[in-house]
Amino acid sequence: MLYHPQINPVALQLGPVAVHWYGLTYLVAFALFYALARQRLKHLPYARIRQPAPWRPGDVEDLLFWGVCGVIAGGRLGYCLFYKPAYYASHPLEIFAVWHGGMSFHGGMLGVIAAMTLWAWRRQRPWLQVTDLIAPCVPLGLASGRIGNFINGELWGRITDPAHFWAMGFPQAKSADTALAHANPQYAEWLLQYGALPRHPSQLYQFALEGMTLFFIVWWFSAKPRPEGQVSMVFLGGYGLFRFIAEYARQPDAHLDLFMGLSRGQWLSVPMIVLGIIGFVYFGRRNRHAAKA
C-alpha cells in the first residue's frame with residue numbers, strides 16, 4: 001500500500017509570514033488562466049470581433065480580476081450554504097474566516113458566473129461570448145487546485161482494498177480511520193496492519209478528470225469556431241460528469257449523509273450535466289436556424 005508523502009503544507013517561511021503550497025496553487029491557477037486566455041484571443045471568432053470593440057489583452061486582465069473576486073466570494077458562500085448551512089447560520093462571523101478552509105467549486109462557479117454577467121453588462125458584450133472565452137481556460141486551474149488538496153492531504157478518498165495498486169494511506173485521516181475501525185472488524189485489522197486505512201487518492205483522480213482531461217476536451221473543441229454558447233456547455237456538462245464520477249471515489253463530508261446513494265457533490269453536479277446537454281443541443285439548433293434565415 002502507498003502512503004501519502006506528508007509534504008509540509010508551508011512552502012516558504014519568511015519570519016512570521018508562511019507561504020502555503022495551497023495558496024501557491026491558486027496563484028498558478030490564475031497565471032494559467034491569464035496565459036491561456038491571451039492565447040484564446042487568437043482563436044476565432046475573437047480575433048475578428050470588432051463590435052462593440054475588439055478583444056484586447058487588457059480585457060483578459062479585467063476578467064481575471066473579476067473572476068478572482070467571484071471565485072473567492074462564491075466559493076466561500078457556496079461552501080457555507082451547500083455544506084454547513086446550520087453551522088454558519090449560528091456562527092455568521094465565521095463565514096469570513098476563509099483561513100480556516102472551506103471552499104466549494106459549485107459556489108465558486110456561481111460566483112464567477114455572476115462576476116462575468118456584471119462584466120459583460122458593463123462592457124456591453126454578449127454574455128455567452130464572454131463565457132465561451134473563459135471556459136477552456138479554467139480546467140488547468142482546477143487541476144492546480146487539486147494538487148494543492150493532495151499536498152495538504154485533504155479531501156481524501158473512500159476506503160478501498162489494500163491490494164489495489166492505487167490504495168493510499170492518509171495519516172491526516174487518522175481520526176476518521178479510527179472511527180471506521182471501531183465499527184468494522186475488517187477495517188480494524190487493516191488499521192492495525194498498515195497504520196492507516198487504504199483509501200482512493202481521489203484528489204489525483206479529480207486532477208486527471210476535472211483538470212487535465214476536461215482541459216484537452218474543451219480546448220480542442222474551442223480551437224475551431226463553434227455556435228455561441230456551445231463551448232460553455234461542453235465545459236459545464238463535462239465538469240458535472242467528471243465530478244459525478246470522481247465522487248464515487250471521494251469520501252463524502254462526515255456531517256453529510258448520502259441521499260439516494262449519492263453525495264452532495266453528485267447532486268450538485270446533476271444540474272450541470274442536464275443543463276450542459278440541453279444547452280449544447282439548443283445552441284447548435286439556434287445556430288442552424290439563424291444560418292437558414
Side-chain angles (χ1 to χ4, degrees), residues 33 36-56 59-60 62-63 66-67 70-71 74 78 105-142 209-247 260 262 265-293:
F33 174 88
L36 291 171
R38 290 282 299 266
Q39 185 65 28
R40 183 93 172 96
L41 293 183
K42 301 176 183 179
H43 292 177
L44 296 177
Y46 298 97
R48 294 180 180 174
I49 290 176
R50 293 294 179 265
Q51 298 295 331
W55 280 89
R56 303 186 185 281
D59 294 325
V60 172
D62 288 346
L63 283 171
W66 285 71
V71 74
F105 167 81
H106 297 90
M109 185 189 69
L110 292 175
V112 170
I113 289 174
M116 295 303 101
T117 301
L118 183 57
W119 188 89
W121 174 75
R122 287 169 57 91
R123 296 299 183 91
Q124 297 183 328
R125 290 191 182 276
W127 181 67
L128 288 172
Q129 186 183 105
V130 176
T131 59
D132 281 354
L133 172 70
I134 68 173
C137 309
V138 173
L140 285 188
L142 300 179
L209 291 174
E210 305 159 12
M212 303 305 298
T213 303
L214 185 60
F215 167 73
F216 285 119
I217 291 173
V218 183
W219 191 264
W220 167 80
F221 184 78
S222 66
K224 295 181 180 180
R226 304 291 182 179
E228 189 173 73
Q230 276 198 335
V231 173
S232 300
M233 294 302 105
V234 170
F235 170 80
L236 183 69
Y239 179 87
L241 176 62
F242 288 139
R243 177 64 182 267
F244 189 93
I245 294 171
E247 284 282 331
M260 296 178 62
L262 300 180
Q266 287 176 311
W267 281 113
L268 291 172
S269 297
V270 168
M272 299 178 68
I273 299 171
V274 174
L275 290 175
I277 294 172
I278 293 175
F280 185 89
V281 174
Y282 170 76
F283 292 126
R285 289 180 176 176
R286 188 179 71 172
N287 181 71
R288 287 196 294 270
H289 292 160
K292 291 178 180 178

task = Could you tell me which residues satisfy salt bridge (charged side-chain N to carboxylate O under 4.0 Å, His left out) with R40, sequence neighbours excluded, listed by chain and number?
result = none
request  = State the CG-CZ distance between L44 and R48, to the nearest 0.5 angstrom.
outcome  = 4.5 Å
message = So, taking the atom named CG in L36 and the one named CZ in R38, what distance separates them when rounded to the nearest 0.5 Å?
response = 12.0 Å
query = What residues form a side chain to side chain contact (heavy atoms under 4.5 Å, CB included) with I277, not counting sequence neighbours?
reply = I273
request  = Quick one: list whatever passes side chain to side chain contact (heavy atoms under 4.5 Å, CB included) with R56, sequence neighbours left out.
outcome  = P54, D59
remark   = By ring-ring contact (aromatic ring centres under 6.0 Å, His included), W267 pairs with (sequence neighbours left out) F259
task = List in chain and number order the residues that pass side chain to side chain contact (heavy atoms under 4.5 Å, CB included) with W127, two or more places apart in sequence or in another chain; answer none if no residue qualifies.
result = I113, M116, T117, A120, T131
request  = Heavy atoms only: give me the nearest A135-S232 pair and the separation to one decimal.
outcome  = CB-CA, 4.2 Å
remark   = Here the pair of heavy atoms bringing Y46 nearest to L133 is OH-N, 2.9 Å
query = Should R125 and P52 count as side-chain neighbours, where that means a heavy-atom distance under 4.5 Å?
reply = yes
query = Is the shortest heavy-atom distance from the side chain of R123 to the side chain of D62 under 4.5 Å?
reply = yes
ask   = If we only count heavy atoms from C-beta on, is the V231 to V218 side-chain gap below 4.5 Å?
value = yes
query = Taking the side chain as C-beta and beyond, is there a heavy-atom pair between L140 and M212 under 4.5 Å?
reply = yes
Gap between atom CZ of F33 and atom CG of L63 - 0.5 Å precision = 5.5 Å
query = Partners of V274 by side chain to side chain contact (heavy atoms under 4.5 Å, CB included), sequence neighbours excluded?
reply = V270, I278
query = Excluding sequence neighbours, so at least two apart, what forms side-chain hydrogen bond (donor to acceptor under 3.5 Å, both in side chains) with Q39?
reply = none
Solution key, residues 234-245 side-chain donor-acceptor pairs under 3.5 Å, sequence neighbours excluded:
from, atom 1, to, atom 2, distance (Å)
Y239, OH, R243, NH1, 2.8
R243, NE, E247, OE2, 2.8
R243, NH2, E247, OE2, 3.1

ask   = Hey, what do you get for CH2 (W55) to CD (Q129), rounding to the nearest 0.5 Å?
value = 5.5 Å
inquiry  = Determine whether the aromatic ring centres of residues F216 and W220 are separated by less than 6.0 angstrom.
reply    = no
ask   = Got a sec, which residues hit ring-ring contact (aromatic ring centres under 6.0 Å, His included) with F280, two or more places apart in sequence or on another chain?
value = F221
task = Please report the shortest heavy-atom distance between T213 and L209, naming the atom on each side.
result = CB-O, 3.5 Å
Counterpart residues, side-chain hydrogen bond (donor to acceptor under 3.5 Å, both in side chains), relative to W66 (two or more places apart) = none
Atom pair CG (L268) and CG (L262), whose distance is rounded to the nearest 0.5 Å = 11.0 Å
query = Tell me, which pairs form a salt bridge (charged side-chain N to carboxylate O under 4.0 Å, His left out) where one or both residues lie in residues 210-234, sequence neighbours left out?
reply = R146-E210
Closest non-hydrogen atom pair, A115 against G70 = CB-CA, 4.2 Å
